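Quick notes on the structure that follows.
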Number of protein chains: 2
Amino acid sequence: MTRAPGAGAPTIRLLLADDHPVVRAGLRAVLDAEPDFEIVAEAATAEAAVEAAAAQGPEGVDVVLMDLQFGPGMHGAAATAAITAREDAPRVLVLTTYDTDADILAAVEAGAAGYLLKDAPPEELAAAVRTAASGRSALAPAVANRLMDRMRTPGEALSRRELEVLRLVKDGLSNQRISKELFLSQATVKSHLVHIYAKLGVDSRTAAVAAATSRGLIRDRP
Amino acid sequence: MTRAPGAGAPTIRLLLADDHPVVRAGLRAVLDAEPDFEIVAEAATAEAAVEAAAAQGPEGVDVVLMDLQFGPGMHGAAATAAITAREDAPRVLVLTTYDTDADILAAVEAGAAGYLLKDAPPEELAAAVRTAASGRSALAPAVANRLMDRMRTPGEALSRRELEVLRLVKDGLSNQRISKELFLSQATVKSHLVHIYAKLGVDSRTAAVAAATSRGLIRDRP
DNA sequence: CCGGCGCTCAACCTTTCGGTTGACGTTCGG
DNA sequence: CCGAACGTCAACCGAAAGGTTGAGCGCCGG
C-alpha cells in the first residue's frame, strides 16, 4: 500500500486484466480520471495477467482488476489464485458480469480482495479500488447480499458430491450414465438426487437444474 | 449516409446504447479516436436508446451501437425493432457478448444491420460502423459462420412450437404442466419432444436442454 | 391441386425416474 | 464419545417420461 512515496495521496498502481479491448479501454478511461491511480499494465489473457502481476519493485502492481471470463485458456479464478499465492502479492479485485454463487465463491476462495459487477458506476469502482488497496475487502452490495443469503440458509447449500451429480444431470446424463461416470451405483445417484430435490424445493431433475441455474449454484458454460 | 456535408469523409454520428458505464466509456474511447466518428449521445437503457435514436435533422443519429442485454425493462432486440420500424431510421449495429442462435436471429429479425461481439478488436469495430453507415451488412466472422451452419442444416432447425415446448422443459415443467400451459394434450407435448430429440440427436429432456443450450438455440436468463 | 410440413391427438407399451424405507461406514465437532 | 451430516448401497413401488403407430387438419408452394 505504501510502495509509492508522497504523503497525502500515494499512487495506486493498477493492472487491468480483461479479454475485451473495449472493456479495457473503458476501465482505463474511467480510472485514469482519478489522480491517485496509475495504470501500469494491461493483460488480455489470464496467463498474461499472472505474469504481469509478478513485477516487483518500482514497477510493482498494487491492485489487479481481474475479469473471470476469458476466452480459452486459464480462468480468471485460477489466475487470481496464482497471483495471491505469492508473497507480497498485489490485491486482486474481481470485476465480472455475473453474480452467481459459483463464481463468487470461487473468487473468494482464490483470494480475491473484492468482487464487483461490471455494471457498477465509476465512483463505486474507484472506491472499491481504494478499499482494496488499503487492505480491506470490497464487495458489491448485490454480491454481499448473496453471501448473506448463503450464510442464513446453510441447510440449502448443496454438498460437494451433490453438486457433482447435479452438474452431470445438467449435461443431460441419465442416472445410469452418472453412476458410471462417478463410479457409483444408481441407488446412490438417486439418493443424492432426492436430497438435491429437497434442498432446492423441486421434484424433478429438470426443475432442479432450472432452480440451481437461476440461483447461481451451477453455471451453463464450463 | 450523407446527412453531414464534407466531401471525402462525411461524419458518422453515433449513439451508444449499453447499460454498463464502463463499456460506454470504452466504446467512446475507442471510437472517438476515429476522426470521422462523432458520438452524439449515450443511453443506459433500451428505452432511452429508442428515444435518443428518434432525433432528426442536424442532431440525427447515423448508427446506433446497441447492446442486447439490459438489466430490467426492454430488451435490446425490442429496442432495435422499435428504432428500425421508423422511416429514415438510423442503422442499428448490435454489439453483444454472446453469439447464440436465439440472439442473432432475434437481432436480425428486428432489423439489425450488423452483429458484433464485444471481444472484437477496435479496428474491426470501426470498420463495422462504416460498413453499417454505408448501408451494407456487417457480421462478425463467428456470427456469419453460425448463420451458415444454420443454412446448411435446415432439418435441425426447431419449429416455433417445438422451441416453445423446449423452453418450458428447460424451466423444469413436467409434460402435464406444459400441456396445460400451452393448452395442449400430453400426447402433443410428447410428440413435440420426440421430434425435438430426433433433431437434436438426444434421447431425454435434460439432454435436449443441454444440447439446445450449448448450440445457442435457447438462453438461460430470459 | 396435391404433396409436404407443421400441429394436433389417441392408444399402447417399455424404460426410466421419483420416492420411500432401511442400512452401514466415515468424519467432524460439540 | 456420541450424535449429526455425508456418502454409499439395496429393494421396492407408482408415476412419469420415452417410443411407436396411426391419424386428422390447415397452410404453403411447386
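As the structure is a prediction and not an experimental result, all values here were calculated from the model. In what follows, every heavy atom counts, from backbone to side chain, and hydrogens, waters and symmetry copies are set aside.
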Which whole-number value in Å describes the distance from [X] [atom1] to [N] [atom2]?
X: A:H192; N: C:dG19; atom1: NE2; atom2: C1'; value: 16 Å
X: B:L166; N: C:dG6; atom1: CG; atom2: P; value: 16 Å
X: B:K199; N: C:dC5; atom1: NZ; atom2: P; value: 10 Å
X: B:L182; N: C:dC7; atom1: CG; atom2: P; value: 12 Å
X: A:R160; N: C:dT27; atom1: CZ; atom2: P; value: 14 Å
X: B:I196; N: C:dC5; atom1: CD1; atom2: P; value: 18 Å
X: A:L193; N: C:dT20; atom1: CG; atom2: P; value: 14 Å
X: B:L184; N: C:dA10; atom1: CG; atom2: P; value: 11 Å

Between [X] and [N], does any side-chain N or O lie under 4.0 Å from OP1 or OP2?
X: A:Y197; N: C:dG19; value: no
X: B:H195; N: C:dG6; value: no
X: B:S159; N: C:dG6; value: no
X: A:R205; N: C:dG18; value: yes
X: A:N175; N: C:dC17; value: yes
X: B:S191; N: C:dC9; value: no

Electrostatic pair [X]-[Y], nearest N-O below 4.0 angstrom:
X: A:R177; Y: A:D171; result: no
X: A:D19; Y: A:R24; result: no
X: A:E164; Y: A:R161; result: yes

For B:G111 and B:T84, which heavy atoms make the closest approach, and how far apart are they?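 Nearest heavy atoms, B:G111 then B:T84: O-CG2, 3.4 Å.
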Tell me, please, the opening and closing nucleotides of DNA chain D, 5' to 3', among those with an atom under 4.0 angstrom from a non-hydrogen atom of chain B. D:dA17 to D:dT20
Flag, side chain of B:H75 to backbone of B:L68, donor-acceptor distance under 3.5 Å: yes
Main chain of A:S159, side chain of A:E162: is a donor-acceptor contact present, judged purely on distance under 3.5 Å? yes
Taking for each residue the nucleotide of DNA chain C with the nearest heavy atom, is it B:F183 or A:Q176 whose nucleotide lies nearer the 5' end?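 Going by which nucleotide is closer to the 5' end, it is B:F183.
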Looking across every strand, which nucleic acid part, if any, lies under 4.0 Å from A:S185 by heavy atom: base, sugar-phosphate, or nothing?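 Counting heavy atoms under 4.0 Å across all strands, the contact made by A:S185 is with sugar-phosphate only.
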Take atom CD in B:Q186; do more than 12 heavy atoms of anything else shown fall under 6.0 Å from it? yes
